[in-house]
There are 2 protein chains.
Amino acid sequence: MLKIGALASLAGVSRDTLRFYEKHGLITPDTRTDSGYRLYSETDVYRISFILSAKEVGFTLNEIHQLLELEVTKDDKSCHDVKQFVDNKIQVVNQRLGEMEKIKQSLKTLSNACCGGDEPATHCTILGALSVQNR
Amino acid sequence: MLKIGALASLAGVSRDTLRFYEKHGLITPDTRTDSGYRLYSETDVYRISFILSAKEVGFTLNEIHQLLELEVTKDDKSCHDVKQFVDNKIQVVNQRLGEMEKIKQSLKTLSNACCGGDEPATHCTILGALSVQNR
DNA sequence: CTTGACCTTGGACTATACTCCACCCTTTAT
DNA sequence: ATAAAGGGTGGAGTATAGTCCAAGGTCAAG
Ligand SMILES: [Zn+2]
Ligand SMILES: [Zn+2]
Ligand SMILES: [Zn+2]
Ligand SMILES: [Zn+2]
């Protein structure tokens, strides 16, 4: 049984983060001492590790919450369910990637049109382009 | 002279948004009526248009604030300054793009390793991979 | 003179992921 | 016995970009 500080240092997060995750349903202490201290099991280190790994590949805490539910109920879930969840996320990431690519192109167009010289920017095409109502 | 509702509908934003932008220094009414109503000049339509255009190419309100300052003081600024501002932003967008690309790759690797079948997910490689401490 | 449209301010709420704080209690060590 | 280390709760603050609401003032028309 680990107290919050022990789990925190084993898992590499702060005590505050653990309490935050608890508030958001990502982890719960197994019990409490009589004085109210949280007591975690050793396997919770892996649970935190799961959370951190999932965060690293771009899942939000909310999505991780859903993933953890998949994990807990994995006897009732199929690989199909899990894979679909990930594939969904890939779609979302792809979409966002497309948007950012468009933004980058717009910025490049803007930048390329500007002379970049040392004269006053009164004639600057960037400032000009932004001032115009485009849609 | 336009009251807030008129400017809002001309510019295609809400009255609340205009007051929000004012609070953040992006726009200020020319005057107020005796009763306290905000009065804007017609050219403020273009100012809002500038803000919206800049938002569309990915600038944050904070950055737009700086851009607007460039615009106002364009006699003292050079094209070089303006271009540099945009080029900076391109760098930031590029970095973010790289991060998201990495995330996408991780997700794809995860997805590809999963059989996607209808059997229980107890053996699922996705769940497995996330549980393992990677770093 | 009253209704309705429009305006004012201030403050609360949304999502995301925490961090930091005050104030207090418990446990451990000297 | 006492001090330090660690734990508890509740609430505020961070950044981003607003939205929504309440309570009240103003203005034109019927
Ligand atoms: Zn130039
Ligand atoms: Zn220029
Ligand atoms: Zn499988
Ligand atoms: Zn699987």
message = Between D:dG6 and A:Y37, counting only base atoms on the nucleotide and side-chain atoms on the residue, is there a donor-acceptor pair under 3.5 Å?
response =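 It does, because a donor-acceptor pair links the side chain of A:Y37 to the base of D:dG6 below 3.5 Å.
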Can [X] and [Y] be counted as an ion pair, charged N to O under 4.0 angstrom?
| X | Y | value |
| --- | --- | --- |
| A:R19 | A:D16 | yes |
| A:E99 | A:K102 | no |
| B:R38 | B:E22 | yes |

OP1 or OP2 of [N] less than 4.0 angstrom from a side-chain nitrogen or oxygen of [X], does that happen here?
| X | N | answer |
| --- | --- | --- |
| A:R32 | C:dT26 | no |
| B:T60 | D:dA15 | no |
| A:T17 | C:dT19 | yes |
| A:K55 | C:dC18 | yes |
| B:R38 | C:dC7 | no |

Can you measure [X] atom [atom1] to [N] atom [atom2] for me and round it to whole angstrom units?
| X | N | atom1 | atom2 | value |
| --- | --- | --- | --- | --- |
| B:E63 | D:dA17 | CD | P | 8 Å |
| A:L26 | C:dT16 | CG | P | 12 Å |
| B:N62 | D:dG18 | CG | C1' | 15 Å |
| A:H24 | C:dA15 | NE2 | P | 10 Å |
| B:R19 | D:dC20 | CZ | P | 13 Å |
| A:I4 | C:dT26 | CD1 | P | 17 Å |
| A:H65 | C:dA17 | NE2 | C1' | 15 Å |
| B:K23 | C:dA12 | NZ | P | 12 Å |

Ignoring the backbone of [X], work out which of [options] is nearest its side chain.
| X | options | result |
| --- | --- | --- |
| A:L61 | D:dG8, C:dA17, C:dT19 | C:dA17 |
| A:F20 | C:dT28, D:dT19, C:dA17 | C:dA17 |
| A:S35 | C:dT9, C:dT26, D:dG18 | C:dT26 |

task = Please work out if A:S14 contacts a base, only the sugar-phosphate, or nothing of the nucleic acid, heavy-atom cut-off 4.0 Å.
result =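 The answer is sugar-phosphate, as A:S14 gets under 4.0 Å only of primed atoms, P, OP1 or OP2.
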ask   = Which is true for A:R15 with a 4.0 Å heavy-atom rule: it touches a base, it touches only sugar-phosphate, or it touches nothing?
value =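 If one applies the 4.0 Å heavy-atom cut-off, A:R15 turns out to touch the sugar-phosphate alone, with no base involved.
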Atom of A:M1, atom of A:T31 and distance for their closest heavy-atom approach =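 That would be SD-OG1, 4.4 Å.
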request  = Would you mind telling me which residue lines up with the more 5' stretch of DNA chain C, B:D16 or A:K3, judged by nearest nucleotide?
outcome  =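 Result of the comparison: B:D16.
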ask   = Has the side chain of B:R96 got a donor or acceptor atom that lies under 3.5 Å from a matching backbone atom of A:M100?
value =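 Flag not set: sc B:R96 to bb A:M100 has no pair under 3.5 Å.
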